[in-house]
Amino acid sequence: MSRSSHDEGEISDERRQQSASDDDGSQKESEIRAKLLNKLNKSKRKHSENDDEDERFTIQPKDSQRRREPESREKRKRVSPPSPEKHHKRDRYRDKEKEKHHRRHSRDRKHRRRSSSTEDRKSHRTSEKSHKDGKEKEKEEYKLFERVLEPGKSKKSAEKVIEIEDVEMSPVEILEEDKPISTFTLEAEAGPKKYSKFESDEEEEEEGSPLREDSPEIVEVMEDLDSDQEHLDDEESFINHKWEDLTEEQRDSLTPDVRSRLENDYQKQLISKLPVFYPGIMGCRNIAEYECVNRVDEGTFGVVYRGKDKRTDEIVALKRLKMEKEKEGFPITALREINMLLKAGNHPNIVNVKEILIGTNMDKIYMAMEFVEHDLKSLLDTMKKRNKRFSVGEQKTLLHQLLSGIDHMHRLWILHRDLKTSNLLLSHKGVLKIADFGLAREYGDPLKKFTSVVVTLWYRSPELLLGARYYSTPVDVWSIGCIMAEIILLKPLFPGRGELEQIKKIFMELGTPTTQIWPDVVELEGWSRLQFENYPYNQLRKQFLSGRLLDDTGFKLLMRFLTYDPKNRITTSEALTHEWFSENPLPVPSEDFPTFPAKSEQNQAPPPASKKQQQKKPDVVVDPETAKLLKQLAVKPEHMKPTGFSLKFDPTRF
Ligand SMILES: Nc1ncnc2c1ncn2[C@@H]1O[C@H](COP(=O)(O)OP(=O)(O)OP(=O)(O)O)[C@@H](O)[C@H]1O
């Protein structure tokens, strides 16, 4: 160590002398070099005696040291012991290595481009420029020897000695090298940012490399770098590729840095292509994230399942949107439904869409909604069978909730266009939820021309039945009237079997309309084409009032919903403040609503046990011997009967 320092001192002195006599010429320079090399030999011998000191030698490019993975460093230690055998082989293959040198040379240039910043390159050029200057040239040479001999810069393994031996073998080559060291003193951090910065710089390429191609120590260093460089070359070749163009293998070969950058770019690209209005579709999960519990129902537009989120155990309704009718692209009906529900769904009386899911083969779309235990139609059917009905307070609650949900939609300029009892869901907590937005549309002012073939027949308004193409919120209000009557009657109000029968049924119950009560009816195609019998005014009064199914105020509200002229029909906001809701009996709070066994849950989850069932069963009396056996088998005595499990045993066998 002290010797080494001393050497350095001597070298410094010599360097100073040399710098003081610039004009002495190459002869003196050669002498100095010879001396230096002599000292280098001594130093090397000393270091070979002392492993610790060996480790301090380095002529590795700084940037390559930074880039080298720990794994490859290890590998390098293993494969490069300082043996004369390897020396010999190296000599033998030197020519071959030189042949390879062009390839390595170009790699190195790429490597340097990637790992240096613009500033580094500037300084590098400056260094090259000043290198021509005599004093600077000396400094460069001095740096070389200083680096070769300087101990303690960084830890190096034993194989570094070999590199130094190579330097010794061709000292002239090193010293004659115009700019060998600048290659190894790049301070730029390696990293993807720098790579891209340099990729586009052609200037450096044209200037030529500062490396001497035949410099053996460079060959050696390049050999050491080879594996790392190959990896970097691979990476570089993918760096300007698109993520989607790479194979799995190529993706795996990327560094985490590059991989995440390409992946992020790809994600951004995909997201930018998504329609702006469908945030729910972005990043949608796969249906495999859910477990199918049971099938609930199948409607016109899709099958509904009860599903369980595997991560959270949350129960949801999964509506599979029908795709097979669509020849090209995404079905417009499904898109509309998703769109309308996402727009209007943020209301307690509208079924909430949780997420949109994609099928395993990317060919199906599912809508995950909050699961609501009942649909009103099934519930009314069950009640009718059991000769039960909703109390007036419960009827008011249901109707008020329905009006709130539809009013919310109408305020958002959305028509439901398919209101009926099977599209109204009722939770165990007594909350009504409007579902099935498959026919929902946005409307505007002025009105757009729509098809008149909307709304399930029994709930279709007279203007639609007579062929109106310009219609608006009153079509939903008519349906609400039909639903109100059905909740009270426990059967549909106008169950027609065809359009003509439907309109006839309405006229028979409410009386045939006149131009006095509905002036615009003459503009409707159906009105002018068809001849209707003159049915007397309003038979419903008898049915509802005489049967005491509704009080007078309630009946008035019903008639406001079932007003012929859409312009005179009550609006949802007016109906919400109707006196029927503030009269006794008042609407029942949702939490006081009775709970009913849900059809959709019946197969899988039996309704909670009745109070009777929950009553404690009498203790089962068993004889001491049976009790002992049951204990051994860990069976409770009361479990013997309810499970059909009976112990018939022969005590002698135990
Ligand atoms: N969120 C939900 N929770 C529980 N059950 C639901 C839910 N949504 C729908 N259902 C059940 O599935 C049935 C059909 O659903 P939906 O009305 O949305 O489908 P559709 O194909 O549009 O039917 P339609 O023939 O009425 O147009 C409903 O009547 C209801 O019984």
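Each ligand, and each atom within it, is numbered from 1 in the order the structure gives.
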- Specify the closest pair of heavy atoms between Ile570 and His578, including all atoms of both residues, with the distance to one decimal.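 Ile570 and His578 have their closest heavy atoms at CD1-CD2, 4.5 Å.
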
- So, is the end of the Arg306 side chain (NZ or CZ) under 6.0 Å from the ring centre of Phe371 and within 45° of the ring's axis?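 Because its charged atom sits under 6.0 Å from the ring centre and within 45° of the axis, Arg306 does stack over Phe371.
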
Per-atom contacts of ligand 1 with [X], taking only distances under 4.0 Å to non-hydrogen atoms:
| X | value |
| --- | --- |
| Asp375 | 31 (O) |
| Glu370 | 1 (N), 2 (C), 3 (N) |
| Ser422 | 28 (C), 29 (O) |

- Donor-acceptor side-chain pairing of Asn349 and Gln401 below 3.5 angstrom: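 Their side chains do contain a donor-acceptor pair, which is all the 3.5 Å distance test asks for.
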
- Task: Using distance alone, decide if ligand 1 has a nitrogen or oxygen within less than 3.5 Å of any nitrogen or oxygen in Glu337.
- Result: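 There is no such contact.
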
- Query: Does ligand 1 have an atom that lies less than 4.0 angstrom from a heavy atom of Gly438?
  - Reply: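 Contact check Gly438 vs ligand 1: negative.
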
- Pick one of side chain, backbone, both or neither for how Leu425 approaches ligand 1, counting any non-hydrogen atom pair under 4.0 Å.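 It is the side chain that touches ligand 1; the backbone stays farther off.
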
- Determine whether the side chain, the backbone, both or neither of Val351 has a heavy atom under 4.0 Å from any heavy atom of ligand 1.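 For Val351, only side-chain atoms sit under 4.0 Å from ligand 1.
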
- Message: Is there a side-chain contact between Ile488 and Phe555 in this structure, where contact means two heavy atoms from C-beta onward sitting under 4.5 Å apart?
- Response: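 No. Closest side-chain heavy atoms not under 4.5 Å.
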
- Does any pair with a residue in residues 504-514 pass side-chain hydrogen bond (donor to acceptor under 3.5 Å, both in side chains), and if so which ones, sequence neighbours excluded?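 Found Thr514-Gln516.
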
- Query: Can you pull the ring pair (Phe, Tyr, Trp, His ring centres under 6.0 Å) pairs that have at least one residue in residues 457-495, sequence neighbours excluded?
  - Reply: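 Passing the test, one end in residues 457-495: Phe450-Tyr471.
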
- Among Met367, Lys420, Lys319, Met369, which residue places a heavy atom closest to atom 8 (N) of ligand 1?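 Of the listed residues, Met369 has the closest heavy atom.
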
